[in-house]
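Only one structure is covered here, and it is reproduced in the block below.
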Amino acid sequence: MNAPVADPAAAPTGPSGEGAIVVLDKLSVGFGDRTVLNGIDLALRPREIFGIVGETGAGKSVLARAIIGLLPPGGDVTGGAVRYRGRPLDAFSPAEAGSYRGGKVALIGTNAKALLDPVARVGDQIARVVRAHTPMDARAARTRAIDLMREVGIVEPERRARAYPHELSGGMAQRIVIAMALAGNPEVLLADDATLGLDATVQAQVLESLVERSRDRGLSVLLITHDLGIVRHYCDRVAVIRDGRLVEEGPVGDFMAAPATGYSRDLLDAARARPALQAPLAAGDRPPLVDVRDLTMHFAVPGSVLPIKAVDGISFAIAPGETLALVGESGSGKTTAGQCLMRLIDNTDGRIFFDGRDVTDLKDRAFRPLRRHMQMVFQEPYVALNPRWRVADLLAEPLALVEPMTAAERARRVAELLALVHLDPRLADVRPHALTAGEQKRVGIARALATRPRFIVFDEPTTALDIRVRAQIIDLIRGLQSSMNLSALFITHDLNSVRSLAHRVAVMHLGKIVEQGDTEAIFERAEHPYTRKLLAAELPVDAEPAAAAP
Amino acid sequence: MRTRDIWRRQPRLLRIVLIRLALIVPQMFGVTLVAFLLIRLLPGDPARLILGNFATDESIALYREKLGLDKDVWTQFAIYVGNILKGDFGTSPFTSRPILEDLADRAPATLELILYAVICTVGLGVTIAVVSVVKRGSPFDWGARIYGFAAGALPDFLVALLLVFVFFYLLGWAPAPFGRLDLMLNTPPQVTGFLTIDSLIAGDFEAFRSAAGRLILPVLTITIVNAGAVTKMAHSVFSEIWDSPIVGHMRACGVPEQQIVRAALRNSLPPIISVSSFILGFLLGAAVLVETIFSWGGLGQYAVQAVINSDYAALQGFVLVASAFILVVYSVADILYEVVDPRIRT
């Protein structure tokens with residue numbers, strides 16, 4: 001539009017003839033002597049949606065922060081520059097930098113609930129941003145905030161504007177953050193994993209409205225994600241980042257058809273992988289190991305007359321060696337059901353049978369000997385692992401509870417457990433914070449396996465993992481399942497992650513199981529509309545030819 | 001269910017205040033009981049103590065009857081509560097005046113002192129904390145850290161004496177440390193008991209100047225000694241919020257720095273409220289050394305006198321008044337705490 005960009009990297013990218021808005025010119029960012037971004041060349045053109053793909057730790061978030069000029073503490077631009085319409089960011093005065101952030105380039109961060117001020121009404125928070133960029137009185141700003149909320153698809157914006165962030169769902173909070181990003185009328189949106197952690201159906205809605213708004217307003221969007229389905233669906237161009245370097249860059253259509261590098265191919269293959277559906281277990285007359293009948297869990301809510309019906313009369317059975325996937329979106333009650341099953345909380349109604357025995361009303365003392373046969377792998381491995389203990393101690397703890405053993409025996413068992421989950425034995429001496437997310441999950445699984453249980457509840461074992469790591473964890477669990485003849489309840493919101501793993505699938509919605517059946521039946525012939533909606537929400541990496549490539 | 005429904009429909013603020021007010025009644029009852037039992041636990045027979053060693057058993061028995069000591073404990077307690085409700089705290093044998101009058105004379109002096117002191121302490125402590133977090137690593141930040149480290153180790157009487165030495169003796173800027181008001185001036189008619197306010201109500205500006213001037217050094221003493229603790233606490237709370245994604249997000253949205261500071265401070269309020277109420281309650285008795293140095297004639301001094309003279313009735317009165325005061329302060333703090341944090345369900 002103005003100022004021709006002198007940067008050679010930007011020159012060949014402009015078939016439309018328009019200059020790039022934001023250009024990264026051999027940008028390098030370091031934290032101390034660690035280089036996080038290494039000579040990145042990128043140009044963001046007007047009105048394009050540009051995808052940045054990479055795994056955790058590749059430097060994607062730092063890239064977004066460098067563009068907005070707010071590196072995390074300790075980070076420095078060590079080489080190159082970010083240019084906005086030809087001007088390097090470091091030439092901006094503090095006042096210019098203030099109006100640049102939010103006014104020219106706006107950032108939409110991950111985990112909206114942590115980004116919003118917990119003690120201010122969301123409408124006021126949007127109005128605050130509005131007034132930061134356009135001088136107006138408080139009343140006009142409030143009206144503008146409500147308009148913005150309506151624009152990002154919030155129903156009843158007048159009422160919602162008076163809510164505090166903790167009263168909103170994750171998807172709603174994310175929409176508020178998007179409204180805040182739009183409040184300064186920016187030209188560029190940086191969406192940094194903006195829908196991470198949201199349910200698939202909500203993610204689709206939020207992304208849809210984000211992209212629609214951007215197209216309407218003629219914005220450029222930098223869509224940072226590790227989900228190639230999102231890239232395929234929404235982006236015009238894509239760049240792959242690995243270890244702080246740009247691996248490749250090009251139009252999405254070309255990239256999907258023929259990625260230039262081996263790494264990109266690996267990523268695509270992992271995303272495309274549609275492992276064969278798990279066949280149902282050969283029907284036998286064996287009694288189920290776990291049998292749940294009409295399980296109900298109601299929570300009384302302070303501030304409301306009606307209880308929350310987290311789990312509302314669900315029944316299922318799991319045979320020895322069988323894996324049942326309990327699938328549902330957040331708030332569907334699936335985690336609560338798992339906790340009731342493990343007797344971590346007392347269900348309000350219904351019966352739980354384990355190995356033919358009614359364990360519903362067993363006292364803690366009587367139930368404890370059974371616990372070694374029923375284990376749970378918790379959702380957030382880092383939270384569930386004592387940060388001050390070494391991995392060896394973490395694994396030895398459940399062993400000590402089961403039977404007395406010598407130090408040498410214990411060391412041998414720890415080594416066995418590490419081998420079982422394919423972890424390097426040398427990791428026995430490190431503490432959880434030094435492990436990657438995938439390794440932490442593995443330690444969590446090894447801990448659950450320590451007592452050689454017959455039944456394990458896996459609570460969201462693959463959330464927040466990169467796609468390749470996710471595939472590895474699923475492979476691991478499948479291996480364990482067949483080698484140890486484990487029964488398992490696999491709780492997840494990601495329907496597709498269970499296709500190769502679960503023998504049967506139960507779909508949970510608002511505390512009830514809406515559909516239950518063999519995996520094949522659910523994936524091939526889902527009957528309930530909700531199941532179909534869940535199946536449709538995932539963005540496929542390979543779109544049908546009908547969806548024209550850009 | 002129906003009463004519950006009606007309750008739910010009330011505004012949140014009203015519900016918070018009503019719950020706190022309802023709680024004050026049993027709490028006050030408990031405090032009274034403890035104050036009563038405290039005195040009962042003391043060794044010795046009061047009748048024998050008062051009548052002396054040469055009293056006959058009969059006269060002691062008679063006197064016990066007169067004091068009501070022959071009745072059982074709960075009857076005695078009921079009488080005690082009844083007296084308190086009538087405003088009868090007993091009479092001090094040392095001042096020969098009703099204890100309630102003594103306390104009413106002295107309480108405003110202490111309250112005026114510690115209220116101003118707490119306002120200054122919290123104001124100064126929080127300001128230092130905020131500035132040192134916002135300008136992290138600056139000389140100010142380092143100075144604040146050293147102060148926060150040293151302030152806890154400063155004895156208040158030393159600070160008081162140093163201030164008197166420098167500002168009264170050497171420089172002559174401050175008035176003499178003799179009481180709340182210049183002896184040559186008339187005390188303004190009592191309305192609130194706070195001389196600074198009463199003098200303004202009476203339109204007596206000379207008295208106001210004197211009262212305010214005499215407050216400066218004791219308030220400064222308490223502020224210097226206690227602001228360090230507030231600084232440390234506010235620093236840790238505020239810096240946690242300052243480094244949180246909330247502030248990062250506001251900055252990324254281009255919200256002006258000044259407003260970010262305000263929002264972050266708003267988020268740090270709950271613990272600051274708790275600490276302020278704690279300091280206010282604590283100072284009621286703990287300001288005694290400062291009161292003594294400045295001849296303030298406050299509650300703390302009265303309590304110390306009562307202990308020295310074994311004046312148990314006066315001590316009991318002090319305990320009761322002090323507890324009631326702390327109870328009110330904590331209740332107000334609880335209400336504010338819930339008001340500033342919308343996440344607390346009521």
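Quick note on labels: first sequence line is chain A, next is B, and so on, each numbered from 1.
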Inter-residue atom distance [X].[atom1] - [Y].[atom2], 0.5 Å rounding:
X: A:Q125; Y: B:I246; atom1: CD; atom2: CD1; answer: 8.5 Å
X: A:D117; Y: B:H249; atom1: CG; atom2: NE2; answer: 11.0 Å
X: B:R262; Y: A:R128; atom1: CZ; atom2: CZ; answer: 9.0 Å
X: B:R251; Y: A:I68; atom1: CZ; atom2: CD1; answer: 11.5 Å

With chain A, which of B:N267, B:V340, B:V255 has the greatest number of heavy-atom pairs at distances under 4.5 Å?
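Highest number of heavy-atom pairs under 4.5 Å: B:N267.
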Do you know which of B:A264, B:P245, B:A252 has the most heavy-atom pairs with chain A at a distance under 4.5 angstrom?
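Option with the top pair count is B:A252.
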What verdict does the side-chain contact (heavy atoms from CB on, under 4.5 Å) test give for B:R343 and A:V119, after you've listed the backbone C-alpha separation in whole Å, the side-chain angles of each residue and the deciding distance to 0.1 Å?
CA-CA 8 Å; B:R343 284 165 294 184; A:V119 300; 3.9 Å; yes
Atom of [X], atom of [Y] and distance for their closest heavy-atom approach:
X: B:G248; Y: A:L70; answer: O-CD1, 4.3 Å
X: A:A132; Y: B:P256; answer: CB-CD, 3.6 Å
X: B:C253; Y: A:M180; answer: SG-CB, 4.2 Å

Quick check on B:V247 against chain A: is it the side chain, the backbone, both or neither that has a heavy atom closer than 4.5 Å?
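No part of B:V247 comes within 4.5 Å of chain A.
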Other residues, nucleotides, ligands: >12 heavy atoms within 6.0 Å of B:F140 CZ
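Yes - once you tally the heavy atoms of other residues, nucleotides and ligands closer than 6.0 Å, there are more than 12.
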